[in-house]
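Note that the numbering runs from 1 along the sequence shown for the chain. Just so it is clear, the structure is predicted and the values come from calculations on it, not from any experiment. For ligands, and for the atoms within them, numbers begin at 1 and follow the listed sequence.
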Amino acid sequence: MRRVVIVGYGMAGARLADELRRRDHDISITIIGSEPHAAYNRVLLSTVVAGTMTPESTRLHDEKWAAEHNIDLRLGYEVAEIDRASRTVTIESTRGASVLSESTEGPRVSVQYDALVLATGSTPWVPPAEGLVEDGRLAEGVVAFRTLDDCAEIEAKAHKGAPVVVLGGGLLGIEAARGLAGRGCLVTVVHPVGHLMERQLDPGAGGVLARTLGQLGIEFKLNSLAAKYLPGDGLILDDGTHVPAELVVVSAGVRAETSLAVKAGLEVDRGIVVDDALRTSDPRIHAIGDCAQHPGTVSGLVQPAWDQAAVLADRLTGANPAARYLGTSVVTRLKARDVDLAALGDVHTDVDCPDSEVLCFQEPSRGRYAKLVLRDDRVAGAIVLGAPDAAATITQFYDRGIPAPTDRLALLLGRALPAEAASPADLPSSAVICRCNTVSKGQIVSAWRSGAETLPQLAESTRATTGCGGCKDAVCGLLDWLGASQPASA
Ligand SMILES: Cc1cc2nc3c(=O)[nH]c(=O)nc-3n(C[C@H](O)[C@H](O)[C@H](O)COP(=O)(O)OP(=O)(O)OC[C@H]3O[C@@H](n4cnc5c(N)ncnc54)[C@H](O)[C@@H]3O)c2cc1C
């Protein structure tokens, strides 16, 4: 029997185990996860900080999952070393470990593998400001935003009226800032670039977003770097400005967690380099998720991680030994109450670019901004802020590669539904309905067939709608259609 050992019980590792077991009841699966918790949906941590979800409701697996699926799960353990010659990994207990597995032999043991999968994710990057780190750890009052434990620490300190600084105005920084402002904290976002979310937004959209968030009570220090942290007092910025803070939340970007791979002599660039078979430079070792670097992938997002898990499960179980991962087109949605923002594909093309058609609409006073990039008559990229209908429509055109209607303005304003998508019946089974949890129409249909016939039951069984909630109308539409037509196939 093949022994698959998965390093990392995060979103990629947990999904891979599910995908492997779904295809093969006998393959031996060991998971080693350094966090002390059962796997959880990291994407939903912003909603935990905002107080709209409990930590328990983010769980991907319950505590019986490993035993029920015959999986050797070692929680609170980390892989310290890979011996490629003997095909073993050495695992060590992490501090405060709680072990759910029956088969844990001791504090430091070796585990044999036939196939090893690195799913070690990424780690927060901490800007090099004086005082943020002390003795190799974040200083008192400074918290990263990556894990459930980080959320608990943030929650404990984020009382009403507390001045809080969020370092980083990217997607996660904005989500943290909005959640903390919703709790009544006095939030300032310090961002080194001239506009927010520069990876996903152009300066125009970044400006409208800052204005909208400003109306919700959040302040911004753009083009600013943190220079010095004064515990209990706040931050000094590079221009000498003092920003008061009882709490500093670090959300300044992530780096792929590659230390284990580097130590094992695998090829590493920004991430662990993998080919279309998700193999590293050692063909018995694979990498998926945030830690992996595949040429066609934007890293740091969950959808590529879950697509990679499905391809790798096909290969490792032999269900489809020829399966290849060829990249993922991703749609980014901001999960922040009262702000509806979606960005997809190539958003940085200028209006005067000769080989693209670029349309732009702005209405800053009402928090609206829409930019559409068309190439070869298809949506190549878009930013849609404050216009959820347009976001939903444009996403459908993008996902499905449908030619854009000749009435471009109708598309930009969300009034041009693709004809074949007028009914949920016409959506392909693979169409992703809930992007936060990557739930497809097919999964919703099969959950409904298994008895989840109401919205709460569907949310419980598939987790659709439990993220930003932006897919609620679409899921209700599917429920209505299923209830009315009871389709034999979908
Ligand atoms: C607050 C927040 C909001 C986000 N929102 C979105 C979003 O809206 N959309 C989106 O697409 N993405 C979002 N992301 C990113 C998304 O969560 C990641 O892309 C996803 O978690 C990647 O999965 P992963 O398994 O590769 O890494 P992770 O989920 O980070 O899991 C890696 C796991 O490996 C463990 N590990 C590391 N080294 C070892 C070792 N040596 N031994 C054992 N275990 C080890 C780590 O402790 C961790 O548990 C968000 C992330 C955060 C933090």
Enumerate the atoms of ligand 1 whose separation from the nearest heavy atom of [X] is less than 4.0 angstrom.
X	value
V7	40 (C), 42 (N), 43 (C)
G289	26 (O)
A12	23 (O), 24 (P), 25 (O), 26 (O)
V79	40 (C), 41 (N), 42 (N), 43 (C)
E35	47 (O), 48 (C), 49 (O)
A119	32 (C), 33 (C), 34 (O)

Any donor-acceptor pair under 3.5 Å linking the side-chain atoms of [Y] with those of [X]?
X	Y	answer
Q443	S440	yes
W306	D18	no
Q308	H286	no
D290	S122	yes

Test your reading of the model: is there a side-chain donor-acceptor pair from [X] to the backbone of [Y], 3.5 Å cut-off?
X	Y	value
S34	G76	no
S281	E267	yes
Q293	G271	yes

Would you say [X] and ligand 1 have an N/O pair spaced under 3.5 Å apart?
X	value
S46	no
E78	no
A305	no
G33	no

Close side-chain approach of R368 to V384, heavy-atom, < 4.5 Å: no
Tell me the nearest of [options] to [atom], using heavy-atom distances.
atom	options	value
atom 1 (C) of ligand 1	Y9, F145, Y40, Y77	F145
atom 39 (C) of ligand 1	V89, T147, I91, T120	T120
atom 30 (O) of ligand 1	E81, R146, R333	R146
atom 29 (O) of ligand 1	R42, H37, K335	R42
atom 22 (C) of ligand 1	L45, T47, T332, D290	D290

Closest heavy-atom pair and its distance - A144, I154: O-CD1, 4.0 Å
R337 to G182 - nearest heavy-atom pair and separation: NH2-CA, 3.9 Å
Part of L172 with heavy atoms under 4.0 Å of ligand 1, whether side chain, backbone, both or neither: side chain
Ligand 1 versus S34: contacting region, heavy-atom distance under 4.0 Å: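 It is both backbone and side chain that touch ligand 1.
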Y9 vs H61, ring pair (Phe, Tyr, Trp, His ring centres under 6.0 Å): CA-CA, chis, key distance, verdict: CA-CA 11 Å; Y9 186 37; H61 294 145; 5.8 Å; yes
